[in-house]
Engineer: 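To start, I am sharing the structure in question, which I have written as structure tokens.
Since the model is a prediction, treat every value here as computed from it, not as a measurement. Order of listing sets the numbers, starting from 1, for every ligand and every atom in it.
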Amino acid sequence: MEEEMSEPLILDGKALSQKLREELRREIERYTSAGYRKPGLAVVLVGDDPASQVYVKNKVNACRKVGIESIFYQLDKNTVTEELLDVIAELNSREDVDGILVQLPLPEQINQEEVILAIHPEKDVDGFHPENMGKLVAMMEDGFIPCTPLGIDLLLSHYGVGLKGKDVVIVGAGFIVGRPLSLLMLWRDATVTVCHIHTRDLKKHTLSADILISATGVPHLIKEDMVREGAVVVDVGISKVEGRIVGDVDFEKVKRKASAITPVPGGVGPMTVTGLLMNTVKSYRRRLRVHSTSTMKP
Ligand code: GUN
């Protein structure tokens, strides 16, 4: 007899983001009503990559809606490393800047490593500086967790998806998502497997997952036969195929097997931006305490 499948729970990152951003908006309003300046986020985009332009615009708009002052720097595609380092040095020293975000990827003439190292760790709201990556390894709460891993953790926790002792399989070992996410899931006491381009039998690993998270950018990499019945599936991919936005997961088919799944769009994407806003306010709170007797108050 054919087994009757119920619809999976949709992990709605858009709805959760609305709720969390409203909470942030109210918190910021309490500070500004008391006479403190707004939180400030500097967003730096080098060049004119269309996808990056969309992401940066989303981040700037999200800031405005919650009351974070965003300072947007558009630099020419031919900018050299030294010029970008000069901009970062100025932003490091500015009292009204709590967070600095340099959108990745950078044009190839720029030394990305030097740029990441130049951002002051206490303003590194992307969490890419090795001091913050190190704090993630060491499970130190005062570091910044990269925005997408942070957003996924908030989403799973909101929907009551437990991680302790669970088999979490991550597909993709990139610097922005897969790698830091694996450390965060380990922090949450999951048993973590990281698959990547050199993994020999991907399906063998994905089939063992209680929670399967894909962050590769390969459209529809994850098929129905790669997912265990009842698994929770998180799709971090955003690709454009024939003018449509699609994820790493073949959603329509995989949803028949999953107990819970994130949509694309409206799943992880908005949660990444929410993670950025939370990190910026985290930095602001800390800097407010440090500076509240001097330059913060008007
Ligand atoms: N490019 C893709 N994702 C990100 C991100 O989270 N932060 C930055 N700075 N660049 C990105």
Side-chain angles (χ1 to χ4, degrees), residues 13 17 40-63 68 70-75 77 79 81 84-85 87-88 91-92 97-108 110-121 123-133 136 143-155 170 172-184 213-218 234-240 245 247-248 262 264-265 267-280 282-283:
S17 283
L41 174 67
V43 178
V44 183
L45 177 61
V46 185
D48 45 21
D49 175 63
S52 290
Q53 283 175 330
V54 171
Y55 297 147
V56 159
K57 205 178 95 195
N58 283 342
K59 291 170 185 180
V60 168
N61 285 337
C63 281
I68 295 171
S70 64
I71 306 136
F72 176 52
Y73 287 72
Q74 169 73 66
L75 304 184
K77 65 178 188 298
T79 300
T81 305
L84 182 51
L85 293 179
V87 171
I88 291 168
L91 295 172
N92 278 340
V97 170
D98 301 294
I100 302 169
L101 179 145
V102 178
Q103 186 66 25
L104 304 180
L106 288 164
E108 57 183 43
I110 292 180
N111 185 334
Q112 180 175 305
E113 218 170 273
E114 275 193 73
V115 170
I116 288 168
L117 285 168
I119 297 171
H120 195 291
K123 294 190 177 190
D124 171 39
V125 288
D126 259 331
F128 295 158
H129 191 287
E131 182 168 315
N132 285 311
M133 288 285 192
L136 181 53
F144 291 111
I145 295 167
C147 306
T148 301
L150 177 59
I152 291 168
D153 190 48
L154 290 165
L155 188 62
I170 298 167
F175 172 76
I176 293 174
V177 183
R179 230 161 256 262
L181 180 62
S182 69
L183 296 167
L184 184 56
I213 309 177
S214 186
T216 68
V218 179
V234 176
D235 189 349
V236 187
I238 304 178
S239 309
K240 218 172 191 175
I245 302 293
D248 285 4
T262 62
V264 175
V268 173
M271 292 304 300
T272 292
V273 179
T274 300
L276 171 67
L277 302 175
M278 294 185 84
N279 278 344
T280 303
K282 177 178 179 167
S283 173

Engineer: Taking distance alone, with N or O pairs closer than 3.5 Å, would you say T148 contacts ligand 1?
Structural biologist: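 No, no N or O pair falls under 3.5 Å.
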Engineer: Check for me whether L101 has a heavy atom closer than 4.0 Å to any atom of ligand 1.
Structural biologist: yes
Engineer: Distance to 0.1 Å, residue and atom name: give those for the protein heavy atom nearest to atom 8 (C) of ligand 1.
Structural biologist: D126 OD2, 3.4 Å
Engineer: Using modelled atom types only, decide if a donor and an acceptor are shared between the side chain of D98 and the backbone of S283 within a distance under 3.5 Å.
Structural biologist: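 Looks like no, no N/O pair under 3.5 Å.
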Engineer: What protein heavy atom sits nearest atom 3 (N) of ligand 1, and how far off is it?
Structural biologist: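 That would be I176 CG2, 3.7 Å.
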Engineer: With no hydrogens and no angle check, do the side chains of N111 and T81 hold a donor and an acceptor under 3.5 Å apart?
Structural biologist: no
Engineer: Going by side-chain contact (heavy atoms from CB on, under 4.5 Å), L41 matches just one of I71, L276, V97. Which one?
Structural biologist: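 The residue from I71, L276, V97 that satisfies side-chain contact (heavy atoms from CB on, under 4.5 Å) with L41 turns out to be L276.
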Engineer: Starting from atom 1 (N) of ligand 1, find the nearest protein heavy-atom neighbour and note its residue, name and distance.
Structural biologist: L104 O, 2.9 Å
Engineer: Among all protein heavy atoms in this structure, tell me which lies nearest to atom 11 (C) of ligand 1, with the distance rounded to 0.1 Å.
Structural biologist: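 So the nearest neighbour among protein heavy atoms is Q103 NE2, 3.4 Å.
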Engineer: Whether the side chain of D235 engages the backbone of D248 through a donor-acceptor N/O pair (distance < 3.5 Å, no angle test) should be reported.
Structural biologist: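 Yes, D235 side chain to D248 backbone: donor-acceptor pair under 3.5 Å.
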Engineer: Name the residue from I176, T148, I170 that meets the side-chain contact (heavy atoms from CB on, under 4.5 Å) definition with L181.
Structural biologist: I170
